[in-house]
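What follows is a set of notes on a single structure, which appears directly below.
Since this is a predicted model, take the numbers as computed values, not measurements. We number each residue from 1, following the sequence as shown.
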Amino acid sequence: RPSPASSPPGGPPVTTTKLLRRVVTPSAVLRPYAIGRDAAGYGLFFGVFETVKRGLAGPLRDFLDTLYPPDSSVKTVAAVSATSLLSGGAAGVAYTTLTFPYDYASSRPESLRTLGGLHRMYATRTFARAFGRATLGGFLPNAACFMALDLLAMSL
């Protein structure tokens with residue numbers, strides 16, 4: 001018999017199988033547009049990450065050479081931290097820039113009926129504020145995660 005926590009009040013108990021059938025359906029998992037959007041988004045994400053990281057490595061190392069002695073471990077940590085922070089953040093912003101407009105439109109299906117509705121949806125302050133928050137939300141966690149990952153890899 002299922003525990004009382006797993007059954008809604010006044011309703012039949014919810015089993016794991018029933019819950020999985022509701023959550024993981026072929027239509028929810030195999031949406032071609034979502035797969036295409038994510039494939040393009042992650043391709044852009046890692047492309048921007050590698051491009052920014054490689055582009056910053058040389059100039060940043062040259063700049064730090066003027067500030068620290070050649071064998072300084074502080075210079076190495078600063079270089080790795082700065083390149084990881086900026087490249088991870090830029091990658092998160094690039095992914096958000098590509099995927100957010102689609103997600104925003106998906107959450108407002110009534111606006112997609114006409115071309116005028118679509119224009120009004122994207123030409124609003126609400127969209128600009130939401131896009132700004134999403135972009136910041138794409139920068140901060142990715143920057144922090146990639147910096148932590150690179151610093152952890154250096155410490156091992």
Taking every non-hydrogen atom, the tightest pair across [X] and [Y]:
| X | Y | value |
| --- | --- | --- |
| L85 | A143 | O-CB, 3.3 Å |
| D38 | Y95 | OD1-OH, 3.1 Å |
| D150 | K53 | OD2-NZ, 2.8 Å |
| A94 | V48 | CB-CG2, 3.8 Å |
| G88 | F146 | CA-CD1, 3.7 Å |
| L151 | S81 | CD2-OG, 3.5 Å |

What distance do [X] atom [atom1] and [Y] atom [atom2] have between them, rounded to the nearest 0.5 Å?
| X | Y | atom1 | atom2 | value |
| --- | --- | --- | --- | --- |
| L60 | L86 | CG | CG | 8.5 Å |
| S87 | E50 | OG | CD | 8.0 Å |
| L56 | T51 | CG | OG1 | 10.5 Å |

* Measure up the F49 and F46 rings against each other and bin them: parallel (under 30°), tilted (30 to 60°), perpendicular (over 60°). => perpendicular
* Asked: Any link between V93 and L136 through a network of hydrophobic side chains (Ile, Leu, Val, Met, Phe, Trp, Tyr) touching at under 4.5 Å?
  ->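 Yes: a chain of side-chain contacts under 4.5 Å links V93 to L136.
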* Asked: Do the non-hydrogen side-chain atoms of N142 and F45 ever get within less than 4.5 Å of each other?
  -> yes
* Asked: Side-chain contact, heavy-atom cut-off 4.5 Å: F131 with T135?
  -> yes
